[in-house]
Amino acid sequence: MKKVVIIGGGPAGLFSAYLLLKKGFKVELYDHSSGFGKKFLVAGNGGLNLTHSEELSRFSQKYNPHEKFFSEMINEFTPEDLREFCTDLGVETFVGSSGRIFPKKLKAAEILISWLKALKENPHFSQHLGHHFNSLKEMAKVEFLVEEKTLEVEADFFIFAMGGASWGKTGSKGDWAPSFIKAGIKLAPFLPMNCGFERSWSEFFIKKIDYTALKNIALEFNGVKVRGEAMLTPFGIEGGGIYALSKAIRDEILEKGSSEISLDLKPDLSLREIEKKLGAQPAKASLSNIVRKALGFEAEVFILLKELYPNLKKEEVPQIVKGLKLSLKGIRPIDEAISTSGGVLFSEVTSSLELKERPGNYVIGEMLDFDAPTGGYLLQGCFSTAYRAVKSIGLHT
Ligand SMILES: Cc1cc2nc3c(=O)[nH]c(=O)nc-3n(C[C@H](O)[C@H](O)[C@H](O)COP(=O)(O)OP(=O)(O)OC[C@H]3O[C@@H](n4cnc5c(N)ncnc54)[C@H](O)[C@@H]3O)c2cc1C
């Protein structure tokens, strides 16, 4: 029986373990944490968005500039296949109104429990928690640190699935990178992706706003417009709509030191309709009352308008509501980001995700230098890359 050592027990590593056992390999799964799938569990906190139901050609565009490569991999292991995998584990899924796919109970725990049970039931599976990947040794060997002692492990194949570099408390710290660089493998530096941004608010604003959601808005940056929501926070702004634009905003801040986005607070109303609604309010009412009543805004939205336009006049409101300019000065720390760009460059691996300089050694999941917006694209990317690597290893049975 050929032995595969998988390092990293997130969704990518766990899925490759599941597939390899089905193919008749002996699988050893290593992780430095005290449990597997910690980031997967965190991802389930706000409703686990497993994947998306949109047409596959549109789906793969989300992995730009690796669209072509991901298109192949996602056609090979599709969102429907991912749903079937969940069904096999006894977990039902559903397509939400936005087209996004979730487990029925929305949480990750149910999936993880059945997944681990399926692995542990197989006599050819063994788990090794508390094993910190330390370095790449010769081609068929890696070194772990276990309770401060080194341990060398040999295998016929290795799958590296140690994730990106955000949410370090889940175990994904990107601390595998130095060893890969030392071995001559080229990496792109880690950068926050699907992240929040910083700007300075007044003390008054911070006190009044705390964490306020701007729902059903449109956000625009460099001609790209998305519908979604944003969260005003004491440090700046974050949330789904911001994450969707985060790569381009991030890159502009890195290049120029600041960036500016535009928010449409009433995307379903035209300028003319807003003017009409404002005009229908009693002329003697305060501007705050006029704006709030005419447009159905919470008090916090008017506070936002006054924060950005202290001398706001009634006639300026329609234009500002349709195109509120928000300057952003910084990127929130990488540890807070939903995901990271950077990691092992695609030029370092074959189309089977096997390291060109280390045959038999595969890299999958967020360890690879790909990024994608939220919406289930990250997890689908992890599953599809795991599938691709296992397909290649499977040729050697
Ligand atoms: C708050 C939040 C919400 C999210 N929501 C979603 C969502 O709804 N939909 C979606 O598609 N994606 C979501 N994601 C992203 C998704 O969780 C990740 O893309 C995914 O978990 C990456 O999987 P992975 O297997 O590549 O790596 P990880 O899940 O990061 O797992 C890597 C594993 O490797 C281990 N490891 C790391 N370094 C070492 C080492 N040196 N030695 C040994 N072990 C090591 C870690 O302990 C960890 O168990 C979310 C992420 C966050 C933080």
Side-chain angles (χ1 to χ4, degrees), residues 38-39 42-47 49 163-170 172-174 189-222 224-265 297-310 312 320-321 323-342 366 371-375 378:
K38 288 191 177 180
K39 192 181 265 186
V42 166
N45 283 346
N49 182 191
S166 70
W167 280 72
K169 65 179 175 195
T170 63
S172 314
K173 304 176 188 162
F190 292 119
L191 289 173
M193 172 72 190
N194 296 308
C195 55
F197 294 95
E198 295 177 350
R199 61 164 283 122
S200 314
W201 302 114
S202 67
E203 289 285 324
F204 172 79
F205 184 82
I206 293 173
K207 225 183 263 160
K208 287 282 179 190
I209 291 290
D210 198 9
Y211 284 82
T212 294
L214 299 173
K215 294 200 171 133
N216 289 323
I217 61 167
L219 305 92
E220 188 171 351
F221 179 70
N222 272 354
V224 180
K225 204 167 185 174
V226 296
R227 288 289 288 256
E229 69 174 67
M231 178 76 80
L232 301 171
T233 72
F235 60 76
I237 193 161
E238 61 181 34
I242 293 288
Y243 299 156
L245 300 171
S246 64
K247 187 174 179 181
I249 301 172
R250 175 199 75 194
D251 289 349
E252 184 163 278
I253 292 180
L254 289 174
E255 194 191 328
K256 299 181 181 163
S258 68
S259 188
E260 187 179 81
I261 57 169
S262 175
L263 307 184
D264 181 346
L265 302 176
F297 284 155
E298 299 290 329
E300 287 82 359
V301 178
F302 188 72
I303 295 172
L304 172 68
L305 296 180
K306 287 293 278 180
E307 168 82 2
L308 298 171
Y309 304 90
L312 184 69
I320 288 174
V321 164
L324 184 118
K325 305 282 179 249
L326 198 64
S327 62
L328 303 170
K329 302 269 180 241
I331 308 164
R332 288 300 289 165
I334 194 164
D335 199 47
E336 288 177 14
I338 300 279
S339 60
T340 48
S341 308
E366 222 183 295
D371 46 41
T374 55
L378 294 162

| message | Determine whether F190 and S166 satisfy the following criterion, side-chain contact (heavy atoms from CB on, under 4.5 Å), listing intermediate values before the conclusion. | response | CA-CA 9 Å; F190 292 119; S166 70; over 6 Å; no
| Any donor-acceptor N or O pair under 3.5 Å, side chains N194, S339 |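 Their side chains do contain a donor-acceptor pair, which is all the 3.5 Å distance test asks for.
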| request: Using distance alone, with no hydrogens and no angle criterion, decide if E300 and T212 have a side-chain donor and acceptor under 3.5 Å apart. | output: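 E300 vs T212: no donor-acceptor pair found between side chains.
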Would you compute the distance between atom [atom1] of [X] and atom [atom2] of [Y] and round it to the nearest 0.5 angstrom?
{"X": "I338", "Y": "K39", "atom1": "CD1", "atom2": "NZ", "value": "9.0 Å"}
{"X": "Y243", "Y": "T374", "atom1": "OH", "atom2": "OG1", "value": "8.0 Å"}
{"X": "M193", "Y": "L378", "atom1": "CE", "atom2": "CG", "value": "7.5 Å"}
{"X": "F297", "Y": "L214", "atom1": "CZ", "atom2": "CG", "value": "9.0 Å"}
{"X": "F197", "Y": "S258", "atom1": "CZ", "atom2": "OG", "value": "12.0 Å"}
{"X": "I237", "Y": "R199", "atom1": "CD1", "atom2": "CZ", "value": "9.0 Å"}

| message | Would you say CG of D335 has more than 12 non-hydrogen atoms from neighbouring residues, nucleotides or ligands within 6.0 angstrom? | response |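 Buried by this count: over 12 neighbours within 6.0 Å.
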| task | Using a cut-off of 6.0 Å, state whether more than 12 heavy atoms not belonging to K208 lie near its atom NZ. | result |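 Result for NZ/K208: open.
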Testing the basics here: between [X] and [Y], what is the closest heavy-atom pair and its distance to 0.1 Å?
{"X": "I303", "Y": "F205", "result": "CG2-CD1, 3.8 Å"}
{"X": "S259", "Y": "E252", "result": "OG-OE2, 3.1 Å"}
{"X": "W167", "Y": "E336", "result": "NE1-O, 3.5 Å"}
{"X": "K325", "Y": "S262", "result": "NZ-OG, 3.4 Å"}
{"X": "E229", "Y": "I217", "result": "CA-CG1, 4.3 Å"}
{"X": "A218", "Y": "R227", "result": "CB-CD, 3.8 Å"}

Would you say [X]'s side chain and [Y]'s backbone share a donor-acceptor pair under 3.5 angstrom?
{"X": "R250", "Y": "I331", "result": "no"}
{"X": "W201", "Y": "T233", "result": "yes"}
{"X": "T340", "Y": "A165", "result": "yes"}

Are [X] and [Y] close enough that some pair of their side-chain heavy atoms sits under 4.5 Å apart?
{"X": "V226", "Y": "L245", "answer": "yes"}
{"X": "I320", "Y": "L308", "answer": "no"}
{"X": "I209", "Y": "E307", "answer": "no"}
{"X": "C195", "Y": "E238", "answer": "no"}
{"X": "D210", "Y": "P234", "answer": "yes"}

| task | List the steps, then state whether side-chain contact (heavy atoms from CB on, under 4.5 Å) holds for V42 with K169. | result | CA-CA 10 Å; V42 166; K169 65 179 175 195; 5.9 Å; no
| task | May I have the step-by-step check of side-chain contact (heavy atoms from CB on, under 4.5 Å) for I242 and I261, ending in yes or no? | result | CA-CA 9 Å; I242 293 288; I261 57 169; 3.6 Å; yes
| request: Could you walk me through whether K329 and E198 pass the side-chain contact (heavy atoms from CB on, under 4.5 Å) test, one step at a time? | output: CA-CA 6 Å; K329 302 269 180 241; E198 295 177 350; 5.6 Å; no
